[in-house]
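Numbers restart at 1 for each chain; the letters A, B, ... are given by sequence-line order, proteins then strands. Note that the structure is a prediction, hence the values are computed from the model and not measured.
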Amino acid sequence: MIDYVNLLNEEQREAVTATPGPILVVAGAGSGKTRALTYRVAYLLDNGVEPSRIVLATFTNKAARQMLERVGQLIPHGTEAIWGGTFHHLAHRLLRRHAALAGYDPSFTILDRADSAELLSECYEEMKLSRSEVHFPRREGALEIFGLATNRETPLDKLIAEDFPHFAEQTERLVELARLYRKRKQKASAVDYDDLLSEAVRLLRDQNSIREEYQDHFHHILVDEYQDTSRLQAEFIHLLAAGHRQIMAVGDDAQSIYSWRGADIRNMLAFPERYPECRVLYLRANYRSTPEILSLANAAIAANRFQFPKELAPVRNSHRLKPAVVSCPTANVQASFVASQIQTLRREGVSWEEIAILYRAHFHALEVQLELTRAGIPFEITSGLRFFEQAHLKDVAAFLRLATNPRDSVAFSRVVRMFPGVGEKTANRLWEEFSRKGDLSAVSPPKSCTASWNQWISLQREIASPELRQLPAAQIEKVIDGFYREQVESQHADAAHRLEDLSQLVSFAAEFPDTDSLLTQLTLLTNTDRSNSREGVHLSTIHQAKGLEWRTVFVIMLADGLFPSSRSTESLMGEEEERRLFYVATTRAQDHLFLVYPRYRASHYGENSLRPSRFLAEIPRELYSDVRPSRIG
DNA sequence: TTGCGACCGCTTTTT
DNA sequence: GCGGTCGCAA
């Protein structure tokens with residue numbers, strides 16, 4: 001039995017041991033939100049709830065895995081039967097299980113962002129839209145608009161009118177584009193990320209017996225980061241929870257920072273209206289930061305109107321060291337200030353890994369990166385290409401996709417374009433021929449690639465066999481040995497490196513029972529969380545730093561127009577979200593917090609002379625100390 | 001189809 | 001200032 005009295009504070013204990021009914025837990029930064037959730041799951045299991053009756057929905061794979069691991073450490077039960085995972089994973093599970101009823105082939109493909117863009121390109125072509133058409137969004141922009149419409153459950157034309165008035169004249173063509181895109185996905189037996197959710201929701205809404213089955217089955221639904229759910233995600237959760245109404249939503253409205261991709265803070269604010277019998281519990285004790293840092297953070301968020309007002313109380317003792325606001329003449333001085341402070345801290349015993357530099361946008365880190373390199377300070381940046389999104393990994397995956405889903409036109413096109421002399425046009429012709437005849441060997445390839453073409457066909461046939469579809473690692477080896485090694489060696493100077501990545505893929509694939517589940521993971525597990533594994537000072541956008549903490553935090557580029565970004569401050573809601581972002585940044589710090597800004601920055605567009613961020617001006621003067629770096633860079 | 005010069009645009013990003 | 005994309009020519 002877990003010692004709830006000694007391991008949890010009173011507020012946490014109240015949440016963990018709450019009696020039946022919907023519960024909203026408003027959990028401040030550093031208040032042990034994850035702890036409360038994991039103990040809640042353990043508590044339920046401890047009290048005889050069957051694991052399979054519990055849903056634990058999170059935003060990231062990392063959060064799901066961490067929580068389930070910790071639950072497993074708390075109690076002897078196995079946690080495998082818990083329905084734990086990201087919203088997309090849960091939705092995918094339903095959709096795959098009831099694919100036929102939802103109108104899909106059970107081997108449907110999941111398109112990642114790049115695949116979606118690829119398919120959308122074909123729609124632009126079909127509509128004879130030049131991709132650089134004036135006053136018309138390009139692929140990424142269109143996908144963003146479509147995604148928002150889905151996540152907000154708003155008709156496209158209404159969304160455009162309200163939020164993209166500059167595209168109002170294009171409404172008809174955008175609606176047509178969305179229709180073609182939908183049609184192509186259907187034809188390819190493919191879904192994109194948003195479809196996973198919206199189709200699962202549609203399934204639950206339309207199929208009464210299935211909905212009732214799940215509503216009856218799931219006794220407890222727990223949701224993490226509820227403040228960042230979209231309307232669609234909240235709907236999905238609601239459909240699962242509506243039976244027993246045992247939903248525990250945990251979140252911090254003050255940390256809602258993803259509205260631009262559909263997160264709707266109103267889900268949280270209106271939770272008590274949706275579940276009138278609900279209880280609202282607060283976790284207000286902050287274990288992370290010094291009282292000085294916390295006072296500043298509390299003051300920073302106070303200006304927001306749309307929130308559950310709450311004041312975080314420090315558990316830690318005073319450090320007698322106030323956060324520093326650092327005014328620098330230029331971005332270069334800012335960079336050298338940060339570098340020299342880091343070296344000072346290092347001498348005082350703070351290790352590189354305990355330090356983070358946070359910023360609003362990646363390009364804000366430019367000068368700092370140069371300076372850290374120059375100063376010989378090791379650092380690590382969270383950004384860049386994700387492992388599974390690299391071209392060679394997607395290439396190999398395309399062979400496997402085609403083996404399980406022969407209707408996957410995106411995969412087909414990716415494979416055939418590897419042949420010499422095959423580009424977009426020929427790929428389309430080959431696809432047309434293949435889908436008409438239904439047999440690869442009946443397709444006539446261009447002369448330029450007859451040599452390897454037959455080799456590919458037999459390879460493709462081999463890996464599509466039922467036996468090999470249970471052995472994804474062997475499939476990949478066959479693809480490499482029978483085709484791709486030659487391809488990569490003739491095309492790329494860094495072939496050795498790529499082949500090494502591919503052998504990693506082989507060992508990764510060995511863990512999976514079949515091709516479908518491997519491919520699903522490849523697309524739904526795109527973010528590899530290497531964040532804590534490497535060495536050095538951590539450089540990160542504030543968005544990516546959510547949920548993390550460091551002993552020392554520098555927030556840089558705190559100048560109006562950069563942070564808050566000028567594009568966000570046109571609306572009140574936009575400005576409030578920027579302020580929440582600032583709040584997230586300050587609450588990452590445990591011991592030291594530096595708020596730094598340059599008064600001038602050389603750039604090739606926009607203003608060069610900068611004013612300190614309005615968020616700094618909102619903080620009472622006595623809560624921080626002013627610092628002017630002496631060294632001129 | 002491919003390669004090259006011109007041209008645009010430039011916040012945040014998980015799944 | 002730079003990287004990605006487009007259009008055009010070979």
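Between A:Arg417 atom CZ and B:dT2 atom C1' there is a gap of 14 Å when expressed in whole angstrom units. Atom CG of A:Leu120 and atom P of C:dT5 are 14 Å apart (whole Å). Rounded to a whole Å, the CD atom of A:Glu140 is 8 Å from the P atom of C:dT5. Atom CD of A:Glu144 is separated from atom P of B:dT15 by 18 Å (rounded to the nearest Å). Note: CD (A:Glu424) to C1' (B:dG3) measures 16 Å, nearest angstrom. Between the CG atom of A:Asp192 and the P atom of B:dT13 there is a distance of 20 Å, rounded to whole Å. Going from atom CD of A:Glu367 over to atom P of C:dG1 covers 14 Å, rounded to whole Å. Following rounding to the nearest Å, A:Glu125 (CD) and C:dG7 (P) show an atom-to-atom distance of 11 Å.
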Item to complete: Decide yes or no on salt bridge (Lys or Arg N to Asp or Glu O under 4.0 Å) for A:Glu432 and A:Arg429, but give the supporting numbers first.
Response: CA-CA 5 Å; A:Glu432 196 275 324; A:Arg429 181 183 67 74; over 6 Å; no

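Applying the side chain to side chain donor-acceptor pair (under 3.5 Å) criterion to A:Glu549, with sequence neighbours excluded, gives A:Arg288, A:Gln590. Every residue was checked against the salt bridge (Lys or Arg N to Asp or Glu O under 4.0 Å) condition with A:Asp194, not counting sequence neighbours, and none meets it.
Between C:dC2 and B:dT13, the two P atoms lie 22 Å apart (nearest whole Å).
Between the side-chain ring of A:Phe87 and the base of B:dT15, no stacking contact exists by the 5.5 Å and 30° definition.
Taking only distance into account, the side chain of A:Arg360 meets the base of B:dT12 through a donor-acceptor pair shorter than 3.5 Å.
Between A:His543 and A:Phe419, the one whose closest nucleotide on DNA chain B sits nearer the 5' end is A:Phe419.
The listed nucleotides are B:dG9, B:dT15, B:dT13; the one nearest the side chain of A:Arg138 is B:dG9.
Contact check, A:Ser565 against B:dT12: no side-chain N or O comes under 4.0 Å of OP1 or OP2. For the OP1/OP2 pair of B:dT13 and a distance below 4.0 Å, the side-chain nitrogens and oxygens of A:His362 include at least one atom meeting the criterion. Between A:Gln544 and B:dT12, a side-chain N or O to OP1/OP2 separation shorter than 4.0 Å is absent.
Contacts of A:Thr426 with the nucleic acid, taken as non-hydrogen atoms under 4.0 Å apart, involve only primed sugar atoms and P, OP1 or OP2.
Across A:Ala102 and A:Glu199, no two heavy atoms sit closer than the pair O-OE1, 4.3 Å.
Taking the six-membered ring for Trp and the full ring otherwise, the centers of A:Tyr193 and A:Phe87 sit at least 6.0 Å from each other.
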